[in-house]
Undergrad: 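A single structure is presented below for examination.
Position 1 is the first residue of the sequence, and the numbers go up from there. Start at 1 and go down the list; that is how both ligands and their atoms are numbered.
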Amino acid sequence: MRILIIGGTRFMGPHVARKLAAEDHEVTVFHRGINAAKLPDSVVQIIGDRNNLRDFSREFEKLKPDVVLDMILLAESQAKELVEVMSPIPTRLVVVSSCDVYRNYNMLRGEELVSNPIEKITEDSPLREKLYPYRKEVRDENNILYNYDKIPVERIVMSNTDLPATVLRLPMVYGPGDYQHRFYGYIKRMIDDRPAIIIDENQAKWRITRGYVENCAGAICLAITDQKAADRIYNVGEPEALPEKKWIGKIAKKAGWAGKIIGLPRDQLPEHLREDLHWRYHLDIDTSRIRKELGFTEIISRDEALRLTIEWERNNPPQKVIVDSEYKAEDEACSGLIK
Ligand SMILES: NC(=O)c1ccc[n+]([C@@H]2O[C@H](COP(=O)([O-])OP(=O)(O)OC[C@H]3O[C@@H](n4cnc5c(N)ncnc54)[C@H](OP(=O)(O)O)[C@@H]3O)[C@@H](O)[C@H]2O)c1
């Protein structure tokens with residue numbers, strides 16, 4: 001197959017490009033040339049900005065991709081442009097979306113407190129009613145996050161009659177190369193041999209579905225290569241979302257850390273650990289549809305995924321450091337609770 005990837009060089013993308021190339025597909029990645037990835041020689045690169053996607057129409061038409069994978073479709077205007085540019089080509093769109101489309105996400109953030117929590121979110125669960133989740137934080141209209149919303153993106157690609165499309169709702173993705181360093185706060189405390197890791201007692205019970213980077217890439221590849229994925233929406237992620245305390249426990253075991261994981265009421269938490277979230281709203285995603293319909297299974301076990309992620313975080317710490325005053329506040333908060 002001929003596959004055009006918009007993006008493809010930062011986190012999940014290189015795994016997707018490598019796997020497809022290894023399966024003898026003809027892969028082209030389109031990106032700005034800011035994030036470079038080690039890709040096989042057979043992968044063709046087109047350097048360009050998706051904000052000028054129309055300028056590349058001719059090149060895409062000449063390429064005639066059987067599938068266009070869009071890794072970074074973030075806003076409605078981008079989706080409209082994508083559909084317009086790709087419509088003359090007989091192709092299928094595969095779009096990377098997010099589980100932040102579900103209403104539970106807004107309930108977690110206190111933006112919609114209207115219904116009971118959904119314990120297990122399927123592809124048919126209610127979506128957020130309030131759009132543009134990051135507008136409050138990002139006030140600059142020129143920042144892409146101001147207009148970020150995968151709900152209108154999904155609507156546009158799924159309602160277009162010229163092009164079949166597949167939407168993949170990704171979970172919280174972890175693994176080597178995670179530029180959000182989602183594990184780091186825990187791992188750093190383990191490396192520093194802290195006596196305890198403190199979290200909100202409600203967060204200790206909170207569940208979010210995660211997915212290891214290479215496994216998520218595997219799901220994306222399946223959706224590209226299997227025609228059955230046309231006009232379908234799939235949740236992607238690990239089969240079981242562990243309560244946060246258990247998740248930290250798994251990391252601790254792998255990292256060889258023997259400290260305590262302590263849940264405290266919100267008012268006893270140090271300021272830097274307080275998050276304004278409603279922890280009874282889980283983001284626990286049912287991923288059985290992609291498993292049943294496309295035969296998705298994890299390539300890398302969770303055990304190995306944790307090992308590789310810990311190793312990477314140890315060797316690639318983020319710039320933000322934990323300051324002494326944070327540890328001091330944590331010591332005070334759990335004094336008397338550690339023997
Ligand atoms: N990480 C998570 O936990 C998570 C969860 C849910 C959903 N997602 C979704 O996953 C997607 C991102 O995944 P990823 O980072 O693994 O993808 P990726 O394909 O590995 O990296 C992003 C790519 O986009 C390119 N890019 C960025 N801005 C561009 C622009 N204006 N024009 C052209 N290319 C551009 C980057 O290269 P250059 O910088 O060289 O242009 C890079 O190749 C997003 O759609 C995100 O919403 C992520």
Undergrad: Can a salt bridge be assigned to the pair Arg289 and Asp124 using a cut-off of 4.0 Å between side-chain N and carboxylate O?
TA: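 Yes.
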
Undergrad: Between Gln78, Met12, Gln45, flag the one that comes closest to atom 10 (O) of ligand 1 by a heavy atom.
TA: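 Residue with the shortest heavy-atom distance to the ligand atom: Met12.
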
Undergrad: Atoms of ligand 1 less than 4.0 Å from Met71 heavy atoms?
TA: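 The atoms of ligand 1 under 4.0 Å from a heavy atom of Met71 are 11 (C), 12 (C), 13 (O), 17 (O), 19 (O), 44 (C), 45 (O).
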
Undergrad: Can you tell which part of Pro171 has a heavy atom less than 4.0 Å from ligand 1: side chain, backbone, both or neither?
TA: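 The answer is the backbone of Pro171.
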
Undergrad: If you measure from the Lys or Arg side-chain nitrogens to the Asp or Glu carboxylate oxygens, is any gap between Lys130 and Glu111 under 4.0 Å?
TA: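 A salt bridge is present here (some side-chain N lies under 4.0 Å from a carboxylate O).
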
Undergrad: Please could you name the atoms of ligand 1 that Ser98 approaches to less than 4.0 Å, counting only its heavy atoms?
TA: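 With Ser98 as reference, the close atoms of ligand 1 come out as 6 (C), 7 (C).
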
Undergrad: Could you check whether Lys246 pairs with Glu240 (Lys NZ or Arg NE/NH1/NH2 to Asp/Glu carboxylate O, under 4.0 Å)?
TA: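 Not counted as a salt bridge, because no side-chain N and carboxylate O are separated by less than 4.0 Å.
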
Undergrad: Which ligand 1 atoms, with their elements, are less than 4.0 angstrom from a heavy-atom of Val173?
TA: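 Those atoms are 1 (N), 2 (C), 3 (O), 4 (C).
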
Undergrad: With a 4.0 Å cut-off on heavy atoms, is Gly211 touching ligand 1?
TA: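 Heavy atoms of Gly211 never come under 4.0 Å of ligand 1.
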
Undergrad: What atoms of ligand 1 come closer than 4.0 angstrom to any heavy atom of Gly33?
TA: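 It comes down to these atoms of ligand 1: 40 (O).
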
Undergrad: His31 to ligand 1: N or O pair under 3.5 Å?
TA: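 Yes, at least one N or O pair falls under 3.5 Å.
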
Undergrad: Does the distance from a Lys or Arg side-chain N to an Asp or Glu carboxylate O, for Lys205 and Glu244, drop under 4.0 Å?
TA: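 Salt bridge between Lys205 and Glu244, a charged N being under 4.0 Å from a carboxylate O: no.
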
Undergrad: I'd like to know if Glu119 and Arg207 make a salt bridge, using a cut-off of under 4.0 Å between side-chain N and carboxylate O.
TA: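 Salt bridge flag = yes for Arg207 with Glu119.
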
Undergrad: Considering the heavy atoms of Asp49, write down every atom of ligand 1 situated less than 4.0 Å from one of them.
TA: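 Once the distances to Asp49 are compared, the set is 30 (C), 31 (N), 32 (N).
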
Undergrad: With side chain to side chain contact (heavy atoms under 4.5 Å, CB included) as the criterion, how do Met86 and Ile6 come out once you've worked through the C-alpha distance, each side chain's angles and the decisive distance to 0.1 Å?
TA: CA-CA 12 Å; Met86 299 304 169; Ile6 300 182; 4.3 Å; yes

Undergrad: Taking only heavy atoms of Ser97 into account, list the atoms of ligand 1 that are under 4.0 Å away from them.
TA: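 Once the distances to Ser97 are compared, the set is 7 (C).
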
Undergrad: Which atoms of ligand 1 sit under 4.0 Å from any heavy atom of Pro14?
TA: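 This gives 20 (O) as the contact atoms.
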
Undergrad: Do Phe11 and ligand 1 have an N or O pair less than 3.5 Å apart?
TA: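 N/O-N/O distance below 3.5 Å exists for this pair.
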
Undergrad: Is Lys120 salt-bridged to Asp284, cutoff N-O under 4.0 Å?
TA: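 Between Asp284 and Lys120 there is a salt bridge, with a charged N closer than 4.0 Å to a carboxylate O.
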
Undergrad: Cys216 near ligand 1, heavy-atom distance under 4.0 Å?
TA: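 It does not, in that no heavy atom of Cys216 comes within the 4.0 Å cut-off of ligand 1.
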
Undergrad: Which is it for Tyr174 and ligand 1 at heavy atoms under 4.0 Å: side chain, backbone, both or neither?
TA: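 No part of Tyr174 is near ligand 1 at this cut-off.
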
Undergrad: Enumerate the atoms of ligand 1 whose separation from the nearest heavy atom of Arg182 is less than 4.0 angstrom.
TA: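 Answer for ligand 1: 1 (N), 2 (C), 3 (O).
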
Undergrad: Are Trp257 and Ile251 close enough that some pair of their side-chain heavy atoms sits under 4.5 Å apart?
TA: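 No, side chains not in contact.
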
Undergrad: Could you tell me whether Arg109 and Glu137 have a side-chain N and a carboxylate O separated by less than 4.0 Å?
TA: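 The answer is yes: the pair qualifies as a salt bridge.
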
